[in-house]
A.B. asks: 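Below you will find the structure I want to go over with you.
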Amino acid sequence: MKLAHIGQASRPLPRRFYEGSPERVAREIIGKVLVSTAGARILAGRIVEAEAYHGADDPAAHAFAGKTLRNAVLFGPPGFAYVYFIYGMHFCLNVSCETDGTGGGVLFRALEPLDDFGGQTGGIAEMRRLRGLPDDAPLRLIAAGPGRLCQAFGITRANTNGLDFTDPASPLRIVDDGFQTKEIVDTPRIGISKAAERPLRFYLAGSTFVSGKR
DNA sequence: TTATAGATTGCCT
DNA sequence: GGCAATCTATAAT
């Protein structure tokens with residue numbers, strides 16, 4: 001699809017949005033829209049859940065042990081995609097935060113699938129196909145969870161790690177479509193065993209697309 | 001070199 | 001609720 005057809009809302013959030021603490025970025029990214037133009041259809045989803053991961057002071061974070069080949073993106077400039085492979089079968093998507101040289105990032109945990117973006121429709125059918133779900137599968141099964149979200153967008157470490165979210169030419173971007181978030185809830189992070197008490201998980205109050213049991 | 005835990009998901013009982 | 005799937009990073013031998 002031609003980017004020009006997507007319109008004003010396609011302008012990616014600027015670099016400065018990602019500078020500073022992952023905690024602030026995780027909270028403020030709720031309500032923004034993740035957009036992929038990598039495939040045949042434009043895929044879009046509203047970010048309804050995210051978690052913050054710091055560096056040296058956060059034992060649960062990949063950046064905690066210092067910079068390695070795997071987590072190098074977290075220590076680079078803010079606004080870049082960090083994708084890792086976990087449990088032998090799932091990918092998880094993060095965006096780097098903090099200034100160049102400091103480790104930290106935000107994990108995308110759940111999206112509300114959006115069928116049309118910039119006048120293009122059919123995104124939800126494509127996301128269901130990528131997830132291997134039947135045509136009548138509930139919407140919330142598409143991207144409620146970090147692994148599901150990546151599968152729905154066709155995201156792998158090979159095709160996404162290191163992408164610049166702020167580059168207008170990037171196939172993956174985060175945009176503000178004017179959506180007003182009413183209330184954002186913070187809770188402890190999910191699925192970790194270290195520093196599990198810190199309230200660094202944020203989600204859109206009332207959203208049925210948040211991960212976890214219901 | 002071998003063992004184990006992991007920012008998860010889906011299927012089984 | 002329990003647990004297998006299946007690869008990687010890191011700890012232990």
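Lettering of chains follows the sequences in order, A, B, ..., and the numbering in each one begins at 1. Quick caveat, the model's predicted, so the values are computed rather than measured.
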A.B. asks: Using salt bridge (Lys or Arg N to Asp or Glu O under 4.0 Å), reason through E126(A) and R129(A) one step at a time and then give a plain yes or no.
C.D. replies: CA-CA 5 Å; E126(A) 177 67 2; R129(A) 191 186 68 74; 2.9 Å; yes
A.B. asks: Is L204(A) linked to L200(A) within one hydrophobic cluster, defined over Ile, Leu, Val, Met, Phe, Trp and Tyr using a side-chain heavy-atom separation of less than 4.5 Å?
C.D. replies: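 No.
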A.B. asks: Apply the hydrophobic cluster definition, ILVMFWY joined by side-chain contacts under 4.5 Å directly or through others, and give me every member besides F75(A).
C.D. replies: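 Y53(A), V73(A), L74(A), F80(A), Y82(A), Y84(A), I86(A), Y87(A), L107(A), I192(A), all in the cluster of F75(A).
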A.B. asks: How does DNA chain C read in dot-bracket, base by base from 5' to 3', with Watson-Crick or G-U pairs under 3.5 Å and | used when the partner is on another strand?
C.D. replies: |||||.||||||.
A.B. asks: Both R157(A) and G88(A) contact DNA chain C. Taking the nearest nucleotide for each, which residue is further toward the 5' end?
C.D. replies: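 Its nearest nucleotide lies further toward 5', so the answer is G88(A).
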A.B. asks: Do other residues, nucleotides or ligands put more than 12 heavy atoms under 6.0 Å from D135(A) CG?
C.D. replies: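 Not buried by this count: 12 neighbours or fewer within 6.0 Å.
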A.B. asks: Return a table of donor-acceptor pairs under 3.5 angstrom between the side chains of residues 26-33 of chain A and protein atoms on other chains or two or more places apart.
C.D. replies:
unit_1: E28(A); atom_1: OE1; unit_2: R24(A); atom_2: NE; d: 3.3
unit_1: K32(A); atom_1: NZ; unit_2: E28(A); atom_2: O; d: 3.0

A.B. asks: If the test is side-chain contact (heavy atoms from CB on, under 4.5 Å), which one of I155(A), T37(A), N159(A), V95(A) qualifies with L172(A)?
C.D. replies: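 It is I155(A); the other options fail the test.
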A.B. asks: Please check if atom OH in Y203(A) has more than 12 non-hydrogen atoms from other residues, nucleotides or ligands closer than 6.0 Å.
C.D. replies: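 Not more than 12 within 6.0 Å, no.
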A.B. asks: What residue pairs, at least two apart or across chains, pass side chain to side chain donor-acceptor pair (under 3.5 Å) with a residue in residues 189-198 of chain A?
C.D. replies: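 The answer is D58(A)-R189(A).
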A.B. asks: Can you give one letter per nucleotide of nucleotides 7-13 of chain B, 5' to 3': B if a protein heavy atom sits under 4.0 Å from the base, S if only from the sugar-phosphate, - if neither?
C.D. replies: BBSS---
A.B. asks: Quick one: does NZ or CZ of R46(A) land under 6.0 Å from the six-membered ring centre of F179(A), within 45 degrees of the ring axis?
C.D. replies: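 So R46(A) does make the cation-pi contact.
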A.B. asks: What is the first contacted nucleotide of DNA chain C and what is the last, in 5' to 3' order, if contact means an atom lying under 4.0 angstrom from a heavy atom of chain A?
C.D. replies: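 Here the contact window of chain A covers dA5(C) to dA9(C).
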A.B. asks: Between dT4(B) and dA4(C), how far apart are the P atoms? Round to whole Å, please.
C.D. replies: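 Straight-line distance between the two P atoms is 15 Å.
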A.B. asks: Using side-chain contact (heavy atoms from CB on, under 4.5 Å) as the criterion, point out the one residue from T99(A), D100(A), D164(A) that pairs with P77(A).
C.D. replies: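 Testing P77(A) for a side-chain contact (heavy atoms from CB on, under 4.5 Å) against T99(A), D100(A), D164(A) leaves exactly one candidate, D100(A).
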